[in-house]
Number of protein chains: 2
Amino acid sequence: MASACGCDHDPATWASRVKDACLRQGAQLTPLRRRVLDIFSGSAAPLGAYAILEELSRREGKQVAPPTVYRTLDFFLEHGFLHKIESLNAYAPCEHLDHAHHGMLLICESCGCSEEIEDAGVTRAIADSAADAGFALRRVMVEAQGLCRKCARDRLSASAAAVA
Amino acid sequence: MASACGCDHDPATWASRVKDACLRQGAQLTPLRRRVLDIFSGSAAPLGAYAILEELSRREGKQVAPPTVYRTLDFFLEHGFLHKIESLNAYAPCEHLDHAHHGMLLICESCGCSEEIEDAGVTRAIADSAADAGFALRRVMVEAQGLCRKCARDRLSASAAAVA
DNA sequence: CGCCGAGTGTTATGTTATAACAATGCGGCG
DNA sequence: CGCCGCATTGTTATAACATAACACTCGGCG
């Protein structure tokens, strides 16, 4: 499914890439997990655990309990298929399944979509800075809030129209 | 009070710097806020809202309700005296009161203490990277988990002892 | 006085996450 | 087949984090 916000990510290919990765790694992609995968595929924006819970309940036609969802999320997180966005308490597809990711997350405050970019310069700068402090890095999170390309453009043209 | 973890930050001078900043800015440092300040002064590690709540209740000798604590935290956050650490749901003193801070937080998984460092290289790399993506930054959060200098050293000497 | 606004108190509730234990399903193996 | 062991899922309850809504106090000021 195409992204609703006009950003250029594609959750649908993500789902199929996750399926491949499960096969390669021998990880079980059970019906439950597949359904959760589908739910992420249909959403351009990060999803909260309880949003997934509700959608899952709706699709299954019966009430699903929180641990079911959190266990499924844990599975995807452990395999590196999903990221947890701490500043939103939400979860989003990892767009770089293949390699270790110290990606930077750009979260649009207007359309709610998130984009994950990898930047060697950022990674290196953080590693250098931590090394200077004598700190042994294990996990790094970079989350930025702001306006994505499209929303920034829209806002500009809106204010231009207001001036005219 | 000295830091319990051996790291080289000093929450006590932080409290007095906050007091100065309140005077300069005309912000009211009420008894409640002062008590919360004292609680942070006595702790080397970030504090959760409910930890503050319990400590506050203990010191006041009567039960304090969550909104009281959260409002106080909001006051400090808005004035830039505290940071919220999203990955811990906890709050820590801002060690750079004077200037806008896009600091990077180093959180030790062993002793729990956190250190805030400012690094122009990191800031610049993130700004450049976001600009490349056409993303208008508004707020950036960098949180790293790992081992602080002291804990990394301790771990090293422990494993050396194990080998011997 | 009478009003206002900042701060705090109080009650209730919303949101996010986990603990603990039971049940199911499936493959291997005697 | 019957049993075991393991991964997964179901179920119940509760913990942990956060906010909404409204009441009350108190000091400043016309």
Side-chain angles (χ1 to χ4, degrees), chain A residues 18-19 22-23 25-39 45-79 81-92 107 112 141 143, chain B residues 18-19 22-23 25-39 45-79 81-92 107 112 141 143:
Chain A
V18 167
K19 286 172 192 169
C22 281
L23 283 178
Q25 301 180 21
Q28 293 192 53
L29 196 48
T30 64
L32 173 63
R33 290 169 184 167
R34 204 178 295 269
R35 280 194 292 274
V36 172
L37 216 54
D38 290 344
I39 289 172
L47 294 171
Y50 280 71
I52 294 164
L53 191 155
E54 281 171 30
E55 184 57 23
L56 207 47
S57 297
R58 210 181 57 68
R59 295 193 184 184
E60 306 229 353
K62 67 175 182 183
Q63 190 59 27
V64 166
T68 300
V69 171
Y70 281 101
R71 279 189 296 233
T72 309
L73 291 172
D74 284 344
F75 169 83
F76 288 123
L77 290 171
E78 277 163 16
H79 286 79
F81 301 153
L82 229 44
H83 291 298
K84 173 162 190 186
I85 305 180
E86 300 286 356
S87 57
L88 300 178
N89 291 319
Y91 304 83
I107 303 159
M141 270 161 313
E143 295 177 15
Chain B
V18 167
K19 286 173 191 170
C22 282
L23 282 178
Q25 299 179 23
Q28 293 193 54
L29 194 49
T30 65
L32 173 64
R33 290 169 182 167
R34 203 178 296 268
R35 279 193 293 271
V36 171
L37 214 56
D38 288 344
I39 289 172
L47 293 172
Y50 280 69
I52 295 164
L53 190 157
E54 281 170 31
E55 183 57 22
L56 206 47
S57 295
R58 210 181 56 70
R59 296 192 184 186
E60 306 230 352
K62 67 176 182 184
Q63 190 59 27
V64 166
T68 300
V69 171
Y70 280 101
R71 280 190 293 234
T72 309
L73 291 173
D74 284 344
F75 169 83
F76 288 123
L77 291 171
E78 278 163 15
H79 287 78
F81 301 153
L82 278 185
H83 291 298
K84 173 164 190 185
I85 305 180
E86 300 286 356
S87 56
L88 300 179
N89 292 319
Y91 304 82
I107 303 159
M141 186 208 85
E143 295 178 11

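Every chain is numbered from 1 and lettered A, B, ... according to where its sequence line falls, protein lines coming before strand lines. Values in this document were obtained by computation on a predicted structure and should not be read as measured data.
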Between protein and nucleotides 3-5 of chain C, what N or O pairs are separated by less than 3.5 Å?
none

Sequence-aligned protein contact record of nucleotides 11-22 of chain C, with B where the base is within under 4.0 Å of a protein heavy atom and S where only the sugar-phosphate is: B----BBBB---

side-chain hydrogen bond (donor to acceptor under 3.5 Å, both in side chains) evaluation trace for B:S87 with A:E86: CA-CA 6 Å; B:S87 56; A:E86 300 286 356; 5.6 Å; no

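Applying the 4.0 Å criterion to OP1 and OP2 of C:dG9, one finds that B:T68 has a side-chain N or O inside that range. Note on A:Q28: a side-chain N or O is less than 4.0 Å away from OP1 or OP2 of D:dT8.
Here B:D74 pairs with B:L77, B:E78 under the side chain to side chain contact (heavy atoms under 4.5 Å, CB included) rule; sequence neighbours left out. Residues satisfying the side chain to side chain donor-acceptor pair (under 3.5 Å) criterion with B:T68, sequence neighbours excluded, are absent altogether. Residues passing the side chain to side chain donor-acceptor pair (under 3.5 Å) test with B:E60 are B:R35, sequence neighbours excluded. Annotation: side chain to side chain donor-acceptor pair (under 3.5 Å) contacts of B:R58 (sequence neighbours excluded): B:E55.
A heavy-atom distance below 4.5 Å is found between the side chains of B:D38 and B:R59.
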Sequence neighbours excluded and cut-off under 3.5 Å, please list the side-chain donor-acceptor pairs for residues 27-34 of chain A, or say none.
unit_1 : atom_1 : unit_2 : atom_2 : d
A:T30  : OG1    : A:R33  : N      : 3.3
A:R33  : NH1    : A:Q28  : O      : 2.8
A:R34  : NH2    : A:L29  : O      : 3.2

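Atom CG in B:L56 sits roughly 13 Å away from atom P in C:dT10 (whole-Å rounding). Here C:dG25 presents its C1' atom at 15 Å from CG of A:L32, a figure rounded to the nearest Å. The interatomic distance linking A:R33 (CZ) with D:dT8 (C1') rounds to 7 Å, in whole Å. Following rounding to the nearest Å, B:Q25 (CD) and C:dA6 (C1') show an atom-to-atom distance of 17 Å. The CG-P distance, from A:L29 to D:dA7, rounds to 17 Å in whole Å. Rounded to an integer number of Å, the gap from A:Q63 CD to D:dG10 C1' is 13 Å. Atom P of nucleotide D:dT9 and atom CD of A:E60 are separated by 10 Å, given to the nearest angstrom. Rounded to an integer number of Å, the gap from CZ of A:F75 to P of D:dT9 is 9 Å.
Axis angle across the helix from C:dC1-D:dG30 to C:dG30-D:dC1, with five pairs used at each end and values rounded to 10°: 10°.
Taken from CG in A:L73 to OH in A:Y91, the straight-line distance is 5.5 Å, to the nearest 0.5 Å. To the nearest 0.5 Å, the span separating CG on A:N89 from CG on A:L47 amounts to 13.5 Å.
Of all non-hydrogen atoms in A:L53 and A:V64, the two that sit nearest each other are CD2-O, 3.4 Å.
When heavy atoms are screened at a 4.0 angstrom cut-off, A:T30 is found touching the sugar-phosphate backbone but no base atom.
For residues 53-77 of chain B, every residue pair satisfying the ring-ring contact (aromatic ring centres under 6.0 Å, His included) rule, not counting sequence neighbours, is listed here: B:F75-B:H79.
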